[in-house]
J.: 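Quick one: structure below, then a few questions.
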Protein chains: 2
Amino acid sequence: MSTIESANMDPGASGIRAILRGSGLRPTRQRMALGRILFGKGNRHISAEELHDEARDRQVAVSLATVYNTLHQFTEVGLLREVVVDGSKTYFDTNTDDHHHFFIEDDNEVVDIPKGQMGVDQVPTAPPGYEITRVDVVVRLRRIKD
Amino acid sequence: MSTIESANMDPGASGIRAILRGSGLRPTRQRMALGRILFGKGNRHISAEELHDEARDRQVAVSLATVYNTLHQFTEVGLLREVVVDGSKTYFDTNTDDHHHFFIEDDNEVVDIPKGQMGVDQVPTAPPGYEITRVDVVVRLRRIKD
DNA sequence: CTGTGTGCAAACTCTTTGCATAAGT
DNA sequence: ACTTATGCAAAGAGTTTGCACACAG
């Protein structure tokens, strides 16, 4: 368990405000609170439900609909990235860099694959008339039981 | 590996029956009909809804619940493979070989990437205690509009 | 003030489930 | 017959939508 909670990442309230302003989003109470949860401590892979629960745990009253709205707005302005690993839930990644994921099937957890540890050697040519928007790689993992 | 040989030829009713028997599934009217749709003409990437519609179009009465049951049973015995490309729908691929996919975002279509046109050069080492079950690559495409 | 954001509940989509009926062997 | 499969409708999860009220600028 990596507990790197050194303040190297936490932008603080004013930082979040700046991020939102810079993205053209009004810094409302809810967006500020969700922003702090999302960007307050390193990279996260979180679902709407999880974010909602976490907000509640922090005594922040935010409706689930607002959580969805906020996640989508953040994604639109490039603060988040959607990760598709599982047909049933949508995960949002605070790391918007080009990178890939491990997906731990046992507990539905998404983990970044360290950059440089994985590569795609031949990106295929897109069929005529199409362009590649992204290449997603998901390495599925299962816990070894013995 | 019981991959269906000659994937581009219609196995015919007797062929489907043999496939089902070989997988330990009773060849019921519904499974036979769905099997023919699925394996009758080359590789397919189909959702439950699409398969249901197609069955209806062929005058085959099958309930949606049975379509889901059948798709999952076929997947369990290795006749199909689930493809995760989109958070909202589940697609089933009649090609169970190791291969990757294009996903055309404009019309939610899944297409196989020709074998050899794409490769993953370094499969990352799985974290200790875990084993890799599969590596999925999805190349997302958008239609070029000009 | 004025417009954007939020909360709530209801609606929606995709998928699963429970149980009585039907069909396979 | 005996067992497994199917159909239906209802329930379930995750997500979205519509509209009145609240809040930021």
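What you see is a predicted model; the values in this text were computed from it and never measured. Chain letters run A, B, ... following the sequence lines, proteins first, then strands; residues in each count from 1.
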J.: For B:A65 and for A:A61, find the nucleotide of DNA chain C with the closest heavy atom, then tell me which residue's nucleotide is more 5'.
T.: A:A61
J.: Output the rounded distance in Å from CG (A:N108) to C1' (D:dA13).
T.: 13 Å
J.: Would you say a side-chain N or O of A:Q30 is under 4.0 Å from OP1 or OP2 of D:dC23?
T.: no
J.: To the nearest Å, give me how far apart NZ (A:K89) and P (C:dT16) are.
T.: 15 Å
J.: Is a salt bridge present between B:R140 and A:D136, judged by a nitrogen-to-oxygen distance below 4.0 Å?
T.: yes
J.: Could you state the atom-to-atom distance from NE2 of A:H72 to C1' of D:dT16 in whole Å?
T.: 9 Å
J.: Are B:D86 and A:V84 side-chain neighbours, meaning at least one heavy-atom pair lies under 4.5 Å?
T.: no
J.: Report the relative orientation of the aromatic rings in B:H72 and B:Y68; use parallel for angles under 30°, tilted for 30 to 60°, perpendicular for over 60°.
T.: tilted
J.: For A:R21, which contact category applies under a 4.0 Å heavy-atom criterion: base, sugar-phosphate, or nothing?
T.: sugar-phosphate
J.: Judged by each residue's nearest nucleotide on DNA chain D, which is more toward the 5′ side, A:E49 or B:R31?
T.: B:R31
J.: Can you tell me the distance, in whole Å, between the CG atom of A:N69 and the C1' atom of D:dG18?
T.: 12 Å
J.: Is A:Y68 close enough to D:dT15 that one of its side-chain N or O atoms is under 4.0 Å from OP1 or OP2 there?
T.: yes
J.: Starting from P on C:dT4, measure out to CG on A:L25 and report it in whole angstrom.
T.: 13 Å
